[in-house]
Amino acid sequence: DAGVIQSPRHEVTEMGQEVTLRCKPISGHNSLFWYRQTMMRGLELLIYFNNNVPIDDSGMPEDRFSAKMPNASFSTLKIQPSEPRDSAVYFCASSPQVNTEAFFGQGTRLTVV
Amino acid sequence: AQSVTQPDIHITVSEGASLELRCNYSYGATPYLFWYVQSPGQGLQLLLKYFSGDTLVQGIKGFEAEFKRSQSSFNLRKPSVHWSDAAEYFCAVGHPSKLTFGTGTRLQVTL
């Protein structure tokens, strides 16, 4: 299995632009998670889906952030408009079920200038 | 609320020496506990997990961890460190849907 696949690996964008991060979970996994990693706050769960349905988005920082999972093999995290403080590494993870271990992608390093 | 404390921000050990990384947690029920490793520019790789049963858990790359309920600890150990073990190590508690990570311990290995 190829593992969790995220794209792009690096993204540099200007403040105010829309940014879309993509994730393909491991086939057969029912749960998908979006995390953000920063030096100041460490790893934070932003949102998670179970069977393509958003279950908990309490970690989403503000309305500029949105996430979708149109099918079992694809999810997006969108930031519109982006701000410099959104600069971070964003990880996608998936798990077979919500109460088992999570497998992480390699992350997308986002820089907003 | 659940929380994880990794008291050591940075640890340096010599190659071949033993290693212990500390992790203390706070959780209201029997915890699910994890150790992940992150190499520079990479994602998090699961080293081992504890859900229930035997409190000494074996993981990949020769790592093990021991769950001690009385001490609310889940320390990671390796008897002989290799230079390739240099990375950042994260302890985590909770279900993946509500996973709380520690702040990480950066391991440096000297030759």
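Fair warning: this is a prediction, and the values are worked out from it, not measured in the lab. To find a chain, count down the sequence lines: A is the first, B the second, and so on, and within it residues start at 1.
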**Study point:** Ring geometry between A:Tyr35 and A:Phe104 (parallel below 30°, tilted from 30 to 60°, perpendicular above 60°)
**Key:**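 Tilted.
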Practice item. Below 4.5 Å from any heavy atom of chain A, which atoms of B:Gln38 appear? Answer side chain, backbone, both or neither. Key: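 The side chain, not the backbone.
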Check your understanding: Checking B:Leu46 against chain A: side chain, backbone, both or neither under 4.5 Å from a heavy atom?
Key ->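 The answer is the side chain of B:Leu46.
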Check your understanding: Checking A:Gln37 against chain B: side chain, backbone, both or neither under 4.5 Å from a heavy atom?
Key ->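 Side chain only.
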**Study point:** Part of A:Arg9 within contact of chain B (heavy atom distance under 4.5 Å)
**Key:**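 Side chain only.
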Review point. Taking everything shown except B:Ile60 itself, do over 12 heavy atoms lie less than 6.0 Å from its CD1?
Key: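 Counting other residues, nucleotides and ligands, CD1 of B:Ile60 exceeds 12 neighbours.
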Point to revise | Within 45° cone and under 6.0 Å: B:Lys49 NZ/CZ vs B:Phe34 ring | key: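 The answer is no; the distance or angle limit is not met.
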Check your understanding: Under a 4.5 Å cut-off applied to non-hydrogen side-chain atoms, are B:Leu44 and A:Leu43 in contact?
Key ->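 Sidechains of A:Leu43 and B:Leu44: in contact.
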